[in-house]
Amino acid sequence: MDDKIKVSPIEWEIRDYLQYLTVERGLAENTLKAYAADLNGFSRFLSQKGVEAAKQTTSRHMQEYLAQLKADGCKPSTVSRKITAVKGLCRYLNEEKFLSKDISEPLTAPKQVFSLPQVLSQQEVDKLLSLPRLDTPLGLRDKAMLEILYGCGLRVSELIGLSLYDVDEKLAFVRCLGKGDKERIVPVGGKALAALSAYLTRGRPALVKDKSCRELFVNKHGDRLSRQGFWKIIKEYGRRLGLDIHPHTMRHSVASHLLANGADIRIVQEFLGHSDISTTQIYTHLQVAKLKKEYDAYHPRAKRKEVD
């Protein structure tokens with residue numbers, strides 16, 4: 001019976017990655033199911049090779065997996081999709097220290113379907129930030145979290161990883177630990193700072209039972225808030241607005257709003273902690289797409305008609 005329910009380390013690592021995709025990236029349910037199917041197939045391949053944990057995998061396993069897919073007669077689009085899933089998993093495991101290096105690097109990067117991220121309008125952000133109740137500890141916490149998430153452009157993992165020592169109210173900045181354990185200092189705006197101060201004064205003390213707790217944002221039991229816990233919180237606020245909001249939506253939104261208001265793309269790159277500016281450049285595509293939509297809607301000569 002125990003053998004039937006035994007789960008290998010690599011299967012747990014894949015589950016952790018899928019949860020990351022759900023909470024941090026906000027992928028659609030069908031996309032997550034596709035990732036799960038592809039990665040479970042990869043897990044079965046590794047099991048046949050006697051590999052039970054990510055740390056046992058090598059670049060050679062990656063190459064053999066690619067060869068196996070081609071030998072099975074998979075279409076190029078299918079191979080591309082499966083390799084994309086595996087490369088994403090390997091990058092994540094490397095960043096989370098399950099792997100000492102990204103072993104998928106030798107694989108040829110498949111062509112990716114270009115898609116623009118979900119972005120809220122400034123009005124939608126304002127409505128979202130006005131939803132938390134300020135007469136309850138949890139409401140004060142939610143207000144502070146949402147203001148910091150948008151005001152500082154943090155990833156969810158960075159947000160819930162903050163400790164009391166990472167906040168400097170006097171100098172108005174937070175210190176966060178990003179991907180690859182890269183530390184960065186992020187300024188905190190006036191509204192976010194006010195919400196944070198209210199939470200620290202009237203919210204957090206009512207939630208924390210263990211006075212030695214140093215986590216900044218805690219759950220109703222006074223323990224560190226989890227990714228899944230925050231995901232549920234922001235999904236509920238989105239539901240109240242009639243919007244399907246994911247945690248990463250706020251990060252996408254602040255990046256887009258900064259660029260739309262004239263911020264230099266290099267500054268936005270540093271602000272978000274992107275190691276490659278090409279990651280930041282996707283938000284310039286959002287601005288172009290918006291401009292094109294406005295042009296088509298309002299320019300008197302935008303509609304294409306036959307010339308008389």
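The shown structure was predicted, so the numbers you read here are calculated from the model rather than taken from an experiment. Starting from 1, each residue takes its place in the sequence as its number.
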Undergrad: Rounded at 0.5 Å granularity, tell me how far CD in Q63 sits from OG1 in T58.
TA: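 Q63 atom CD to T58 atom OG1 measures 8.0 Å (nearest 0.5 Å).
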Undergrad: Does D38 come within less than 4.0 Å of K82, counting only side-chain N to carboxylate O?
TA: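 Yes, charged N to carboxylate O under 4.0 Å.
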Undergrad: Does a salt bridge link E147 with K143, judged by any charged N lying under 4.0 Å from a carboxylate O?
TA: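 Salt bridge between E147 and K143, a charged N being under 4.0 Å from a carboxylate O: yes.
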Undergrad: Which residue pairs satisfy the ring-ring contact (aromatic ring centres under 6.0 Å, His included) criterion with at least one member in residues 143-176, sequence neighbours excluded?
TA: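 Checked against ring-ring contact (aromatic ring centres under 6.0 Å, His included) - neighbours excluded - the pairs reaching residues 143-176 are Y150-H257.
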Undergrad: Going from CD on Q228 to OG1 on T22, what distance comes out if it is rounded to the nearest 0.5 angstrom?
TA: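 The OG1 atom of T22 is 7.0 Å from CD of Q228, to the nearest 0.5 Å.
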Undergrad: Any ion pair linking E236 and K232 (charged N to carboxylate O, less than 4.0 Å)?
TA: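 E236 and K232: not salt-bridged.
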Undergrad: May I ask you to test the S253-T249 pair for a side-chain heavy-atom distance under 4.5 Å?
TA: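 Result yes, sub-4.5 Å side-chain heavy-atom pair found.
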Undergrad: Indicate whether the side chain of E11 and that of S8 have a donor and an acceptor atom separated by less than 3.5 Å.
TA: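 The criterion, which ignores hydrogens and geometry beyond distance, is satisfied for S8 and E11.
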Undergrad: Tell me if the CZ atom of R60 is crowded by more than 12 foreign heavy atoms within 6.0 Å.
TA: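 Counting other residues, nucleotides and ligands, CZ of R60 stays at 12 neighbours or fewer.
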Undergrad: Does a sphere of radius 6.0 Å around NZ in K235 hold more than 12 heavy atoms from other residues, nucleotides or ligands, not counting ones at 6.0 Å or beyond?
TA: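 Count over threshold, so yes.
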Undergrad: As a test of understanding, state which of V156, L154, L272 forms a side chain to side chain contact (heavy atoms under 4.5 Å, CB included) with R251.
TA: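 Output: one option passes, namely L272.
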Undergrad: Are D166 and L216 close enough, and set up right, to give a side chain to side chain contact (heavy atoms under 4.5 Å, CB included), and what steps lead you there?
TA: CA-CA 9 Å; D166 294 323; L216 178 59; over 6 Å; no
Undergrad: Do you know which two heavy atoms are closest between I148 and V188, and how far apart they sit?
TA: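 In terms of heavy atoms, the two residues are closest at CD1-CG1, 3.9 Å.
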Undergrad: For a quick check under 3.5 Å, do N40 and S43 share a side-chain donor-acceptor pair by atom type?
TA: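 On atom types as modelled, these side chains do not qualify, holding no pair under 3.5 Å.
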Undergrad: Give a yes or no on whether a salt bridge exists between D135 and R133, defined as a side-chain N under 4.0 angstrom from a carboxylate O.
TA: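 Salt bridge between D135 and R133, a charged N being under 4.0 Å from a carboxylate O: yes.
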Undergrad: If every non-hydrogen atom of I160 is compared with every non-hydrogen atom of R224, which pair is closest and at what distance?
TA: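 The pair with the smallest heavy-atom distance is O-NH1, 2.6 Å.
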Undergrad: Evaluate whether atom NZ of K101 has more than 12 neighbouring non-hydrogen atoms of other residues, nucleotides or ligands under 6.0 angstrom away.
TA: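 For K101, atom NZ is not crowded (no more than 12 foreign heavy atoms under 6.0 Å).
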Undergrad: Does any pair with a residue in residues 196-207 pass side-chain hydrogen bond (donor to acceptor under 3.5 Å, both in side chains), and if so which ones, sequence neighbours excluded?
TA: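 Non-adjacent pairs meeting side-chain hydrogen bond (donor to acceptor under 3.5 Å, both in side chains): zero.
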Undergrad: Output, in order, the C-alpha distance, side-chain angles, deciding distance and verdict of salt bridge (Lys or Arg N to Asp or Glu O under 4.0 Å) for R184 and E158.
TA: CA-CA 10 Å; R184 74 181 191 281; E158 295 169 345; 2.7 Å; yes
Undergrad: Sequence neighbours left out, what pairs pass ring-ring contact (aromatic ring centres under 6.0 Å, His included) with at least one residue falling in residues 33-77?
TA: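 For residues 33-77: F42-Y65, F45-Y65.
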Undergrad: With side chain to side chain contact (heavy atoms under 4.5 Å, CB included) as the test, would you mind laying out the steps for R239 and D244 before giving the verdict?
TA: CA-CA 7 Å; R239 185 194 65 77; D244 184 18; over 6 Å; no
Undergrad: What orientation do H248 and H252 show, parallel under 30°, tilted 30 to 60°, or perpendicular over 60°?
TA: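 Answer is perpendicular, since the angle exceeds 60°.
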Undergrad: Do the non-hydrogen side-chain atoms of Y17 and L21 ever get within less than 4.5 Å of each other?
TA: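 Counting from C-beta outward, Y17 and L21 do come under 4.5 Å.
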Undergrad: Step through the shown structure and confirm whether more than 12 heavy atoms of other residues, nucleotides or ligands are within 6.0 Å of CD on E96.
TA: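 For E96, atom CD is crowded (more than 12 foreign heavy atoms under 6.0 Å).
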